[in-house]
2 protein chains.
Amino acid sequence: METDEVLARLRSAGRKVTEQRRVIIEALSRFGSPVTARRIHREASKAMPGISHDTVYRNLEMLCKTGTVVQIRAKGASLFELPEGHHHHMVCVKCSKVLCVECCPLSFEEKMLARQHGFRVLGHHLEFYGLCPACNDTG
Amino acid sequence: METDEVLARLRSAGRKVTEQRRVIIEALSRFGSPVTARRIHREASKAMPGISHDTVYRNLEMLCKTGTVVQIRAKGASLFELPEGHHHHMVCVKCSKVLCVECCPLSFEEKMLARQHGFRVLGHHLEFYGLCPACNDTG
DNA sequence: AAGTATTTTAGGAATATTACTATTTGGAGG
DNA sequence: CCTCCAAATAGTAATATTCCTAAAATACTT
């Protein structure tokens, strides 16, 4: 997704387009793969020295809630990405490698849940965990 | 699940049954619903003063990896539970209420993934997020 | 262009979580 | 019961994440 598209989404969701948000999103789009909040903050600091880590966290959280950014809960720190299309991840419990997975069988379930529980489902968080090929071989 | 069953699982998985683990699992089973690591630590400290929080975290993580304990990634802190049967959760993004969901359509996908990517899937982590009935009504 | 209501931010404090290491301990084998 | 080794623990240091508040910025209205 392009930076401008993300900003447009913000606007249409009634949120303000601040310089910080622009910088964070541009930093994020510069990485092609999932990165830590710390690295996003470092990258954003190049364009805007002094931007606070709290701002980075707060905005990443907001973008996750609106479904624009995806958070991967890894061991030492969460990873974030600007996804191309809806997909999920497999995380190796040994080496923490992250693989992308295209399939997603959940849209039907979401509608079911909404009906059954009166819960308004905004999205879901799905990760598979296990052993990647390399770690599986080495024991 | 009973405490003894969890300990038996540990044994058969080749892990040691320590007094700390017994205490942690008993603490966990005393709560009927998901609780924070902090509360588990406090509860465990009653039976074993001086038990370190690191031990609690380390063991909760281990139990999660073996599928015995379930971790719910909530806002300020993760929640843990000894689940009755395989199920998932819906977390309200506004009030953080947690609802249990029985359905799980993923066993088939796990096998697919294993074949396609050579990834040995040990489990998955699935959470729906959105607005609970109360928060949905109040806007 | 200026005024205003609301959202957002910086900065630092408070929590939550993980990493590291010397020491201890569970349990297998004798 | 005693010895040994791998696994586990306590304690502490280091990170990661969230909370809190006064001040600043955005978008809207005039």
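Because the structure is predicted, anything quoted here is derived from the model rather than measured. Letters A, B, ... are given to chains in the order of the sequence lines, protein chains preceding strands, and every chain is numbered from 1.
As a whole-Å value, the separation of B:His41 NE2 from C:dT17 P is 13 Å. C:dT17 atom P lies 13 Å from atom CD1 of B:Ile72, rounded to whole Å. A straight line from CZ of A:Arg39 to P of D:dT15 spans 17 Å, rounded to a whole angstrom. Look at CD1 on B:Ile51: it is 8 Å from P on D:dT9, rounded to the nearest Å. Computed from coordinates, the A:Arg38 CZ to D:dT18 C1' distance equals 17 Å when rounded to whole Å. Regarding B:Arg11, its CZ atom lies at a distance of 14 Å from the P atom of D:dA8, rounded to whole Å. Across the protein-nucleic acid pair, B:Arg21 atom CZ and C:dG26 atom C1' stand 10 Å apart, rounded to whole Å. Counting to the nearest Å, the C1' atom of C:dT18 and the CE atom of B:Met62 are 16 Å from each other.
Neither OP1 nor OP2 of D:dT18 sits under 4.0 Å from any side-chain N or O of A:Tyr57. Close to C:dA16, at under 4.0 Å from its OP1 or OP2, lies no side-chain N or O of B:Thr36.
Here B:Glu61 pairs with B:Lys65 in a salt bridge; the nearest charged N to carboxylate O distance falls below 4.0 Å. Salt bridge present: A:Arg30 and A:Glu43 bring a charged side-chain N and a carboxylate O closer than 4.0 Å.
Within the nucleic acid shown, B:Arg58 comes within 4.0 Å of at least one base atom, counting heavy atoms only. Nucleic acid contact for B:Ser78: sugar-phosphate only, since backbone atoms but no base atoms lie under 4.0 Å from a heavy atom of the residue. At a threshold of 4.0 angstrom between heavy atoms, the contacts of A:Asp54 include nucleobase atoms, whether or not backbone atoms are also involved.
Each of B:Ser52 and B:Gly14 was assigned the nucleotide of DNA chain D with the nearest heavy atom; the assignment lying further toward the 5' end belongs to B:Gly14. Taking for each of A:Phe80 and B:Met48 the nucleotide of DNA chain D with the nearest heavy atom, the 5'-most of the two is the partner of B:Met48. The 5' end of DNA chain C is approached more closely, in terms of each residue's nearest nucleotide, by A:Gln20 than by the other of A:Ala77 and A:Gln20.
Of all nucleotides listed (C:dA10, C:dT8, C:dG12), C:dA10 comes nearest to the side chain of A:Thr55. Checking C:dG27, D:dA8, D:dT26 against the side-chain heavy atoms of B:Arg15 singles out D:dA8 as nearest.
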**OP:** Verify side-chain hydrogen bond (donor to acceptor under 3.5 Å, both in side chains) between A:Gln71 and A:Ser78, making sure each step is shown before the conclusion.
**Re:** CA-CA 7 Å; A:Gln71 179 174 21; A:Ser78 286; 3.0 Å; yes
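Between B:His124 and B:His86, the ring-plane angle classifies as perpendicular under the 30° and 60° cut-offs.
For A:Lys16 against D:dA25, a side-chain-to-base donor-acceptor contact under 3.5 Å is absent.
A side chain to side chain contact (heavy atoms under 4.5 Å, CB included) with A:Ile40 is found for one member of A:Leu28, A:Val69, A:Ile25 and no other, namely A:Leu28.
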